[in-house]
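Structure, as structure tokens:
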Amino acid sequence: NGKRVLVTAGGTREAIDPVRYIGNRSSGKMGYAIAEAAVARGAAVTLVSTAALPSPAGVNVVKVESAEEMRQAVLAAYDAADIVVKAAAVADYRPTIVADKKIKKAAEDSLTIVLQRNPDILQELGSRKKSQFLVGFAAETHDLEAYAKEKIAKKNLDMIVANDVTAAGAGFGTETNIVKFLFPDGSKTELSCLPKRAVADKLFDAVLQRLPGAAK
Ligand code: PMT
């Protein structure tokens, strides 16, 4: 209650030309559920989203498309945030060249698109973290806990929500998710398959347990 929460949701879209993009399977449901859970508890919520889902009541939604646009919007709200939850699926790469006209089929059978690294927004937030409580996600298909632990250290996180996106009932587009909360002190909480809103509520319960000076 009274805290400022910054949430990201949805998959970024990295333009190839005015017609095509490179995207991913994120629907935004996890991030929107997190924003709803936060506003229901009395937080001031900014949701930076690529998704076309209806804006949750009482949430300040900032629509973006690409990783770079998401980065700008997140950085603009970061200093004022108390809690940051990065549920968005951010493309690690984007096409080096964005054609300003639709690329026409050529005679060759194959077409090569060169990609270059996008900024790692979460890593940048971790490197400039002050008093924010920083929650990242890990979307993996294997070695879930190992990769999640690596991200906690590499990105200076206070908590990570790890999900195996190949598990039935978990990950992209589903109404439910199956997550593990991992923390820098090595502790871990495993949840069963729950509706994404229930996962979001458990997420904030865990955050409040660890937020300095928060009412337990
Ligand atoms: O949106 P839904 O359909 O409901 O699906 C939910 C979800 C599967 C997208 C969600 O639960 C989830 O796992 N979100 C994170 C997806 C992701 O990009 O995970 P990652 O392991 O690739 O990235 C790790 C973390 O770094 C994430 O917090 C991500 O936001 C962040 N990141 C990644 C790359 C990048 N360039 N910048 C980032 O900030």
Side-chain angles (χ1 to χ4, degrees), residues 1 3-11 24-38 40-41 43 45 47 74 78 81-90 92 120-216:
N1 194 8
K3 292 288 181 190
R4 286 158 304 187
V5 178
L6 171 60
V7 185
T8 64
N24 62 61
R25 300 180 191 286
S26 172
S27 66
K29 288 176 182 173
M30 187 72 251
Y32 276 62
I34 291 164
E36 285 166 12
R41 291 172 183 237
V45 183
L47 172 60
V74 165
Y78 187 50
D82 298 303
I83 301 167
V84 180
V85 189
K86 296 272 282 88
V90 185
D92 285 322
D120 184 330
I121 306 168
L122 185 58
Q123 177 123 12
E124 193 171 349
L125 297 184
S127 67
R128 46 190 291 178
K129 186 170 79 176
K130 294 190 186 70
S131 59
Q132 297 90 343
F133 190 93
L134 187 56
V135 183
F137 269 71
E140 307 296 345
T141 58
H142 56 284
D143 302 335
L144 179 61
E145 287 198 28
Y147 284 128
K149 282 184 183 136
E150 215 175 88
K151 284 174 183 163
I152 290 178
K154 237 174 71 188
K155 305 189 181 186
N156 190 20
L157 305 181
D158 297 296
M159 175 178 172
I160 197 161
V161 184
N163 48 184
D164 171 352
V165 295
T166 62
F172 299 109
T174 49
E175 295 306 316
T176 58
N177 206 354
I178 306 166
V179 305
K180 292 178 184 176
F181 298 151
L182 287 91
F183 302 92
D185 65 5
S187 60
K188 175 175 74 172
T189 304
E190 291 196 42
L191 299 183
S192 58
C193 184
L194 293 170
K196 282 176 176 172
R197 174 61 193 272
V199 171
D201 277 316
K202 298 268 186 198
L203 185 158
F204 284 114
D205 292 344
V207 168
L208 286 177
Q209 286 298 320
R210 290 167 175 79
L211 201 61
K216 295 284 180 257

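- Counting heavy-atom neighbours within 6.0 Å of K202 NZ, excluding the residue itself, gives a total of 12 or less.
- Not a single salt bridge (charged side-chain N to carboxylate O under 4.0 Å, His left out) links R128 to another residue, sequence neighbours left out.
- Within the 4.5 Å cutoff, the side chain of F137 has heavy atoms near those of the I34 side chain.
- A donor-acceptor contact shorter than 3.5 Å is absent between the side chain of N163 and the backbone of G171.
- Side-chain contact between F133 and L208 is absent, with no heavy atoms from C-beta onward closer than 4.5 Å.
- Inter-residue side-chain proximity for L6 and K86 is flagged as unmet; no heavy-atom pair is nearer than 4.5 Å.
- Within the 4.5 Å cutoff, no side-chain heavy atoms of N177 are placed close to those of L194.
- The minimum heavy-atom distance linking V5 with A43 is given by the pair CG2-CB, 3.6 Å.
- D92 is linked by a side chain to side chain donor-acceptor pair (under 3.5 Å) to nothing, counting only residues two or more places apart in sequence or in another chain.
- With sequence neighbours excluded, the residues forming a salt bridge (charged side-chain N to carboxylate O under 4.0 Å, His left out) with E145 are K149, K180, K188, listed by chain and number.
- Partners of E36 according to the salt bridge (charged side-chain N to carboxylate O under 4.0 Å, His left out) rule, which considers only residues two or more places apart in sequence or in another chain, do not exist here.
- One distance of note links CD of E124 with OH of Y78; it measures 10.0 Å at 0.5 Å rounding.
- Applying the ring pair (Phe, Tyr, Trp, His ring centres under 6.0 Å) test to every pair with at least one member in residues 151-187, sequence neighbours left out, gives no pairs at all.
- Taking 4.5 Å as the limit, some side-chain heavy atom of L125 sits within range of a side-chain heavy atom of V84.
- Partners of N24 by side chain to side chain donor-acceptor pair (under 3.5 Å), not counting sequence neighbours: none found.
- The two residues A87 and G31 make their nearest non-hydrogen contact at CB-CA, 3.9 Å.
- By the side-chain contact (heavy atoms from CB on, under 4.5 Å) test, D120 is found to be paired with L122, Q123, K155, residues two or more places apart in sequence or in another chain being considered.
- Between A9 and L47, the shortest heavy-atom distance links the atoms CB-CD1, 3.8 Å.
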> Between M159 and S187, does a side-chain contact (heavy atoms from CB on, under 4.5 Å) hold up when you go through it step by step?
Replying inline: CA-CA 10 Å; M159 175 178 172; S187 60; over 6 Å; no
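- Note that CG of L211 is 5.0 Å distant from NZ of K3, once rounded to the nearest 0.5 Å.
- The side-chain contact (heavy atoms from CB on, under 4.5 Å) check on I178 picks up A167, A170, C193, with sequence neighbours excluded.
- Counting heavy atoms from C-beta outward, V85 and L203 have side chains that approach closer than 4.5 Å.
- Under a 3.5 Å cut-off, the side chain of D158 and the backbone N or O of V135 do not form any donor-acceptor pair.
- Across all non-hydrogen atoms, the minimal contact from N156 to K129 is O-NZ, 2.7 Å.
- In this structure D164 satisfies the side chain to side chain donor-acceptor pair (under 3.5 Å) test together with T166, sequence neighbours excluded.
- With hydrogens and angles ignored, the 3.5 Å screen pairs a side-chain donor or acceptor of R41 with a backbone N or O of D201.
- The two atoms that bring T176 and K196 nearest to each other are O-CE, 3.4 Å, heavy atoms only.
- With sequence neighbours left out, Q132 forms a side chain to side chain donor-acceptor pair (under 3.5 Å) with no residue at all.
- Across V45 and A38, no two heavy atoms sit closer than the pair CG2-CB, 3.6 Å.
- In terms of the side-chain contact (heavy atoms from CB on, under 4.5 Å) criterion, residue partners of E175 (sequence neighbours excluded) are, by chain and number, K29.
- Under the salt bridge (charged side-chain N to carboxylate O under 4.0 Å, His left out) criterion, D143 pairs with no residue, sequence neighbours left out.
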